[in-house]
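When a ligand or atom number is given, it counts from 1 through the structure's own listing order.
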Amino acid sequence: MNETIETILNHRSIRKFTDQKLSDEQIRIIIQAAQQASTSSYVMAYTIIGVTDPEIKKQLAEVSGQFYVEKNGQLFVFCADLSRIQAIQAQDEEKQVMEENLESTEQFIVATVDAALAAQNAAIAAESLGLGICYLGSLRNDIERVSDILQLPDYVYPLFGMAMGYPNHEPEKKPRFPMEVIYHENTYKKHPEQDKYVQDFDATLKEYYSNRSFNVRSDTWTKQMIRKYKVPQRLDVGPFIKGKQMNRK
Ligand SMILES: Cc1cc2nc3c(=O)[nH]c(=O)nc-3n(C[C@H](O)[C@H](O)[C@H](O)COP(=O)(O)O)c2cc1C
(Lines give C-alpha, C1' and ligand atoms only; values in the text may rest on other atoms or scores of the structure.)
Protein backbone atom coordinates (compact mmCIF):
# COMPACT_ATOMS: atom_id res chain seq x y z
CA MET A 1 0.00 0.00 0.00
CA ASN A 2 1.28 3.49 -0.76
CA GLU A 3 0.24 6.83 0.71
CA THR A 4 -2.12 7.69 -2.14
CA ILE A 5 -4.09 4.45 -1.73
CA GLU A 6 -4.05 4.90 2.04
CA THR A 7 -5.53 8.37 1.67
CA ILE A 8 -8.24 7.09 -0.66
CA LEU A 9 -9.11 4.11 1.52
CA ASN A 10 -9.21 6.27 4.61
CA HIS A 11 -11.99 8.48 3.23
CA ARG A 12 -15.01 9.39 5.29
CA SER A 13 -17.21 12.46 4.91
CA ILE A 14 -16.47 15.19 7.44
CA ARG A 15 -19.34 17.37 8.61
CA LYS A 16 -17.79 19.22 11.56
CA PHE A 17 -14.83 21.50 10.99
CA THR A 18 -12.68 23.70 13.20
CA ASP A 19 -12.80 27.46 12.61
CA GLN A 20 -9.46 27.43 10.81
CA LYS A 21 -9.71 28.66 7.23
CA LEU A 22 -7.75 27.14 4.39
CA SER A 23 -4.73 29.18 3.32
CA ASP A 24 -4.51 30.64 -0.19
CA GLU A 25 -1.69 28.21 -0.85
CA GLN A 26 -3.85 25.23 0.15
CA ILE A 27 -6.69 26.46 -2.05
CA ARG A 28 -4.30 26.97 -4.96
CA ILE A 29 -2.87 23.45 -4.78
CA ILE A 30 -6.32 21.87 -4.35
CA ILE A 31 -7.67 23.70 -7.40
CA GLN A 32 -4.57 22.77 -9.36
CA ALA A 33 -5.16 19.11 -8.44
CA ALA A 34 -8.80 19.45 -9.51
CA GLN A 35 -7.76 20.92 -12.83
CA GLN A 36 -5.31 18.12 -13.53
CA ALA A 37 -8.12 15.53 -13.61
CA SER A 38 -8.76 13.94 -16.98
CA THR A 39 -11.26 15.95 -18.99
CA SER A 40 -13.38 14.68 -21.86
CA SER A 41 -11.92 15.83 -25.25
CA TYR A 42 -9.96 18.47 -23.31
CA VAL A 43 -13.17 20.49 -22.92
CA MET A 44 -12.54 21.41 -19.25
CA ALA A 45 -16.28 21.88 -18.92
CA TYR A 46 -16.50 23.04 -15.31
CA THR A 47 -16.05 26.06 -13.09
CA ILE A 48 -15.27 25.92 -9.39
CA ILE A 49 -16.60 28.73 -7.22
CA GLY A 50 -14.89 29.27 -3.86
CA VAL A 51 -17.44 30.90 -1.59
CA THR A 52 -15.96 33.07 1.15
CA ASP A 53 -18.64 35.78 1.57
CA PRO A 54 -20.47 34.94 4.85
CA GLU A 55 -23.79 36.23 3.51
CA ILE A 56 -23.60 33.99 0.43
CA LYS A 57 -22.58 31.03 2.59
CA LYS A 58 -25.56 31.71 4.84
CA GLN A 59 -27.94 31.74 1.89
CA LEU A 60 -26.49 28.50 0.52
CA ALA A 61 -26.79 26.90 3.97
CA GLU A 62 -30.48 27.87 3.97
CA VAL A 63 -30.95 26.04 0.67
CA SER A 64 -29.16 22.91 1.89
CA GLY A 65 -30.49 22.86 5.45
CA GLN A 66 -27.00 21.67 6.53
CA PHE A 67 -24.98 23.75 8.97
CA TYR A 68 -21.63 22.62 7.57
CA VAL A 69 -22.34 24.56 4.37
CA GLU A 70 -21.70 27.65 6.50
CA LYS A 71 -19.27 26.30 9.10
CA ASN A 72 -16.16 25.03 7.36
CA GLY A 73 -12.65 26.01 6.36
CA GLN A 74 -13.65 26.60 2.76
CA LEU A 75 -16.74 26.10 0.63
CA PHE A 76 -16.61 25.23 -3.05
CA VAL A 77 -19.40 24.89 -5.59
CA PHE A 78 -18.63 22.70 -8.59
CA CYS A 79 -20.49 23.80 -11.69
CA ALA A 80 -20.81 21.96 -14.99
CA ASP A 81 -19.98 24.64 -17.52
CA LEU A 82 -20.32 24.66 -21.30
CA SER A 83 -20.41 28.46 -21.51
CA ARG A 84 -16.78 28.74 -22.63
CA ILE A 85 -17.59 26.60 -25.66
CA GLN A 86 -20.65 28.70 -26.37
CA ALA A 87 -18.49 31.84 -26.21
CA ILE A 88 -16.00 30.64 -28.83
CA GLN A 89 -15.89 33.02 -31.75
CA ALA A 90 -16.86 30.88 -34.72
CA GLN A 91 -18.47 31.79 -38.02
CA ASP A 92 -22.20 32.46 -37.78
CA GLU A 93 -23.39 29.12 -39.22
CA GLU A 94 -20.81 27.18 -37.19
CA LYS A 95 -21.78 29.02 -34.04
CA GLN A 96 -25.45 28.23 -34.47
CA VAL A 97 -24.75 24.53 -35.03
CA MET A 98 -22.31 24.46 -32.11
CA GLU A 99 -24.93 25.96 -29.81
CA GLU A 100 -27.48 23.38 -30.91
CA ASN A 101 -24.98 20.59 -30.33
CA LEU A 102 -24.21 21.91 -26.86
CA GLU A 103 -27.80 21.17 -25.89
CA SER A 104 -27.48 17.39 -26.21
CA THR A 105 -27.62 14.90 -23.37
CA GLU A 106 -24.15 13.72 -24.44
CA GLN A 107 -22.64 17.19 -23.85
CA PHE A 108 -24.56 17.47 -20.59
CA ILE A 109 -22.92 14.22 -19.47
CA VAL A 110 -19.50 15.48 -20.61
CA ALA A 111 -19.79 18.63 -18.49
CA THR A 112 -21.27 16.82 -15.49
CA VAL A 113 -18.61 14.10 -15.50
CA ASP A 114 -15.82 16.67 -15.97
CA ALA A 115 -17.03 18.63 -12.94
CA ALA A 116 -17.33 15.47 -10.84
CA LEU A 117 -13.84 14.24 -11.75
CA ALA A 118 -12.33 17.61 -10.87
CA ALA A 119 -14.20 17.54 -7.56
CA GLN A 120 -12.96 14.09 -6.64
CA ASN A 121 -9.37 15.09 -7.43
CA ALA A 122 -9.86 18.12 -5.15
CA ALA A 123 -11.26 15.84 -2.44
CA ILE A 124 -8.30 13.47 -2.55
CA ALA A 125 -5.82 16.34 -2.66
CA ALA A 126 -7.49 17.88 0.39
CA GLU A 127 -7.56 14.60 2.28
CA SER A 128 -3.89 14.04 1.50
CA LEU A 129 -3.23 17.39 3.23
CA GLY A 130 -5.03 16.23 6.40
CA LEU A 131 -8.24 18.10 5.54
CA GLY A 132 -11.73 16.65 5.44
CA ILE A 133 -14.50 17.11 2.91
CA CYS A 134 -18.21 16.61 2.47
CA TYR A 135 -19.98 16.73 -0.89
CA LEU A 136 -23.16 18.81 -0.86
CA GLY A 137 -25.79 17.61 -3.28
CA SER A 138 -28.18 19.40 -0.93
CA LEU A 139 -27.48 22.60 -2.85
CA ARG A 140 -29.79 21.18 -5.49
CA ASN A 141 -32.66 21.44 -2.96
CA ASP A 142 -33.27 24.76 -4.71
CA ILE A 143 -31.07 24.73 -7.79
CA GLU A 144 -32.58 27.89 -9.22
CA ARG A 145 -31.90 29.87 -6.05
CA VAL A 146 -28.30 28.63 -5.94
CA SER A 147 -27.88 29.61 -9.58
CA ASP A 148 -29.27 33.08 -8.83
CA ILE A 149 -27.14 33.52 -5.70
CA LEU A 150 -23.97 32.58 -7.61
CA GLN A 151 -25.06 34.48 -10.73
CA LEU A 152 -24.55 31.52 -13.03
CA PRO A 153 -25.04 32.26 -16.74
CA ASP A 154 -26.69 30.00 -19.34
CA TYR A 155 -24.85 26.75 -20.10
CA VAL A 156 -23.73 26.54 -16.45
CA TYR A 157 -25.42 24.70 -13.60
CA PRO A 158 -24.42 24.00 -9.98
CA LEU A 159 -23.72 20.27 -9.70
CA PHE A 160 -22.87 20.14 -5.99
CA GLY A 161 -20.96 21.91 -3.28
CA MET A 162 -18.04 20.68 -1.23
CA ALA A 163 -17.39 21.72 2.35
CA MET A 164 -13.74 21.45 3.29
CA GLY A 165 -11.64 22.11 6.34
CA TYR A 166 -9.84 20.75 9.37
CA PRO A 167 -11.89 17.88 10.84
CA ASN A 168 -13.42 18.49 14.25
CA HIS A 169 -14.77 14.97 14.67
CA GLU A 170 -13.57 11.50 13.79
CA PRO A 171 -16.41 9.59 12.18
CA GLU A 172 -15.93 5.87 11.69
CA LYS A 173 -15.31 4.71 8.16
CA LYS A 174 -18.56 3.75 6.42
CA PRO A 175 -18.67 0.25 4.95
CA ARG A 176 -19.03 -0.41 1.24
CA PHE A 177 -20.50 -3.37 -0.68
CA PRO A 178 -18.23 -6.35 -1.11
CA MET A 179 -16.34 -6.14 -4.38
CA GLU A 180 -18.30 -9.08 -5.88
CA VAL A 181 -21.40 -6.88 -6.01
CA ILE A 182 -19.71 -4.02 -7.81
CA TYR A 183 -17.13 -5.67 -10.06
CA HIS A 184 -18.11 -7.94 -12.97
CA GLU A 185 -15.71 -9.49 -15.44
CA ASN A 186 -16.19 -9.06 -19.20
CA THR A 187 -19.97 -8.79 -19.25
CA TYR A 188 -22.68 -7.77 -16.83
CA LYS A 189 -23.25 -10.77 -14.61
CA LYS A 190 -25.26 -10.34 -11.51
CA HIS A 191 -23.47 -12.39 -8.87
CA PRO A 192 -25.59 -15.47 -8.03
CA GLU A 193 -25.22 -14.53 -4.35
CA GLN A 194 -25.88 -10.84 -4.87
CA ASP A 195 -29.15 -10.74 -2.93
CA LYS A 196 -27.45 -12.49 -0.04
CA TYR A 197 -24.50 -10.10 -0.22
CA VAL A 198 -26.93 -7.19 0.04
CA GLN A 199 -28.71 -8.80 3.01
CA ASP A 200 -25.36 -9.38 4.71
CA PHE A 201 -24.41 -5.81 3.92
CA ASP A 202 -27.63 -4.61 5.57
CA ALA A 203 -26.60 -6.51 8.70
CA THR A 204 -23.08 -5.01 8.58
CA LEU A 205 -24.48 -1.52 8.15
CA LYS A 206 -27.01 -2.00 10.94
CA GLU A 207 -24.14 -2.86 13.23
CA TYR A 208 -22.14 0.12 11.99
CA TYR A 209 -25.03 2.52 12.66
CA SER A 210 -25.74 1.12 16.11
CA ASN A 211 -22.09 1.20 17.21
CA ARG A 212 -20.79 4.40 15.73
CA SER A 213 -19.89 7.33 17.92
CA PHE A 214 -22.34 9.88 16.51
CA ASN A 215 -25.89 9.89 15.15
CA VAL A 216 -26.50 6.33 16.34
CA ARG A 217 -29.57 4.83 14.74
CA SER A 218 -31.18 1.59 13.68
CA ASP A 219 -31.02 1.50 9.90
CA THR A 220 -29.99 -0.56 6.88
CA TRP A 221 -29.00 0.25 3.32
CA THR A 222 -32.22 -1.26 1.96
CA LYS A 223 -34.36 0.83 4.33
CA GLN A 224 -32.45 3.98 3.35
CA MET A 225 -32.98 3.30 -0.34
CA ILE A 226 -36.71 2.68 0.15
CA ARG A 227 -37.00 5.98 2.03
CA LYS A 228 -35.06 7.76 -0.70
CA TYR A 229 -36.77 6.33 -3.77
CA LYS A 230 -40.36 6.17 -2.59
CA VAL A 231 -40.66 9.93 -2.90
CA PRO A 232 -39.93 11.99 -6.01
CA GLN A 233 -36.84 14.13 -5.51
CA ARG A 234 -35.95 17.56 -6.89
CA LEU A 235 -38.24 17.38 -9.90
CA ASP A 236 -37.39 21.02 -10.67
CA VAL A 237 -33.80 20.09 -11.59
CA GLY A 238 -34.64 18.77 -15.08
CA PRO A 239 -36.66 21.79 -16.26
CA PHE A 240 -34.10 24.15 -14.66
CA ILE A 241 -31.25 22.55 -16.60
CA LYS A 242 -33.20 22.68 -19.84
CA GLY A 243 -33.77 26.37 -19.13
CA LYS A 244 -29.97 26.74 -18.98
CA GLN A 245 -29.88 25.46 -22.61
CA MET A 246 -28.46 22.12 -21.42
CA ASN A 247 -29.72 18.53 -21.89
CA ARG A 248 -32.52 19.59 -24.23
CA LYS A 249 -32.14 16.76 -26.71
C1 LIG B 1 -22.55 13.84 -5.15
C2 LIG B 1 -22.67 13.68 -3.66
C3 LIG B 1 -23.53 14.48 -2.95
C4 LIG B 1 -23.59 14.39 -1.55
N5 LIG B 1 -24.38 15.26 -0.89
C6 LIG B 1 -24.35 15.26 0.46
C7 LIG B 1 -25.09 16.24 1.18
O8 LIG B 1 -25.77 17.07 0.62
N9 LIG B 1 -24.98 16.25 2.52
C10 LIG B 1 -24.23 15.34 3.20
O11 LIG B 1 -24.18 15.41 4.43
N12 LIG B 1 -23.53 14.40 2.55
C13 LIG B 1 -23.57 14.34 1.20
N14 LIG B 1 -22.83 13.42 0.51
C15 LIG B 1 -22.00 12.46 1.25
C16 LIG B 1 -22.58 11.06 1.24
O17 LIG B 1 -23.69 10.99 2.09
C18 LIG B 1 -21.47 10.09 1.69
O19 LIG B 1 -20.39 10.14 0.79
C20 LIG B 1 -21.97 8.66 1.79
O21 LIG B 1 -22.97 8.52 2.78
C22 LIG B 1 -20.81 7.71 2.16
O23 LIG B 1 -20.21 8.13 3.37
P24 LIG B 1 -18.66 8.48 3.44
O25 LIG B 1 -18.36 9.52 2.41
O26 LIG B 1 -18.44 8.97 4.84
O27 LIG B 1 -17.91 7.20 3.18
C28 LIG B 1 -22.79 13.44 -0.86
C29 LIG B 1 -21.93 12.62 -1.61
C30 LIG B 1 -21.87 12.74 -2.98
C31 LIG B 1 -20.92 11.87 -3.75
Participant: Does E193 come within less than 4.0 Å of K196, counting only side-chain N to carboxylate O?
Facilitator: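 Salt bridge between E193 and K196, a charged N being under 4.0 Å from a carboxylate O: no.
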Participant: How far is atom 30 (C) of ligand 1 from its nearest protein heavy atom, and which residue and atom is that?
Facilitator: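 Answer for atom 30 (C) of ligand 1: Y135 CB, 3.5 Å.
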Participant: So between A163, S13, A119, whose heavy atom ends up nearest atom 19 (O) of ligand 1?
Facilitator: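 The option holding the nearest heavy atom is S13.
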Participant: Going through the checks in order, is the ring-ring contact (aromatic ring centres under 6.0 Å, His included) test met by Y166 and F17?
Facilitator: CA-CA 5 Å; Y166 287 92; F17 302 95; 9.4 Å; no
Participant: Can you confirm whether or not the ring centre of Y183 sits under 6.0 Å from the ring centre of F177?
Facilitator: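 Judged by ring-centre distance (under 6.0 Å), Y183 and F177 do not meet the cut-off.
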Participant: How far is atom 12 (N) of ligand 1 from its nearest protein heavy atom, and which residue and atom is that?
Facilitator: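 Ranking protein heavy atoms by distance from atom 12 (N) of ligand 1, first comes R15 NH2, 3.1 Å.
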Participant: Mind checking whether Q120 contacts ligand 1 via backbone (N, CA, C, O), side chain (CB onward), both or neither, at a 4.0 Å heavy-atom cut-off?
Facilitator: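 For Q120, no heavy atom sits under 4.0 Å from ligand 1.
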Participant: Please work out which of the three classes, parallel, tilted or perpendicular, describes the rings of F214 and H169, given edges at 30° and 60°.
Facilitator: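 The arrangement is perpendicular - the two ring planes meet at more than 60°.
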Participant: Checking side-chain contact (heavy atoms from CB on, under 4.5 Å) between E127 and each of R12, H11, M164, which is the one that passes?
Facilitator: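 Of R12, H11, M164, side-chain contact (heavy atoms from CB on, under 4.5 Å) with E127 is met by H11 alone.
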Participant: Side chain or backbone, does R12 bring an N or O within less than 3.5 Å of an N or O on ligand 1?
Facilitator: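 The answer is no, given that R12 and ligand 1 share no N or O pair closer than 3.5 Å.
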Participant: Under 4.0 Å from a heavy atom of Y68: which atoms of ligand 1 are those, numbered in the order shown and with their elements?
Facilitator: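 That gives atoms 9 (N), 10 (C), 11 (O) of ligand 1.
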Participant: May I ask you to identify, for K173, whether its side chain, its backbone, both or neither come under 4.0 Å of ligand 1 on a heavy-atom basis?
Facilitator: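 Neither part.
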Participant: With a 4.0 Å cut-off, would you call D236 and R140 a salt bridge?
Facilitator: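 A salt bridge is absent here (no side-chain N lies under 4.0 Å from a carboxylate O).
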Participant: Once you restrict to heavy atoms under 4.0 Å, what part of C134 touches ligand 1? Side chain, backbone, both or neither.
Facilitator: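 Side chain only.
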Participant: Closer than 4.0 Å to some heavy atom of H11 - which atoms of ligand 1 meet that?
Facilitator: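 In order of numbering, the contacting atoms are 24 (P), 25 (O), 27 (O).
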Participant: Hey, which atoms in ligand 1 end up nearer than 4.0 Å to a heavy atom of G137?
Facilitator: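 Close to G137: 3 (C), 4 (C), 5 (N), 6 (C), 7 (C), 8 (O).
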Participant: For atom 20 (C) of ligand 1, what's the nearest protein heavy-atom neighbour? Residue, atom name and distance, please.
Facilitator: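 It is K174 NZ, 3.9 Å.
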Participant: Can you establish whether the number of heavy atoms outside N215 located under 6.0 Å from its atom CG is more than 12?
Facilitator: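 Yes, enclosed.
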Participant: Counting heavy atoms only, which of A123, P171, S64, S138 comes nearest to atom 8 (O) of ligand 1?
Facilitator: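 That would be S138.
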Participant: Based purely on interatomic distance, does F160 place a nitrogen or oxygen under 3.5 Å from a nitrogen or oxygen of ligand 1?
Facilitator: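 There is no such contact.
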Participant: Check the pair R248, E100 against salt bridge (Lys or Arg N to Asp or Glu O under 4.0 Å), reporting the backbone distance first and the verdict last.
Facilitator: CA-CA 9 Å; R248 287 179 147 182; E100 281 170 21; over 6 Å; no
Participant: What distance do W221 atom CH2 and D202 atom CG have between them, rounded to the nearest 0.5 Å?
Facilitator: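 So the gap between those two atoms works out to 7.5 Å.
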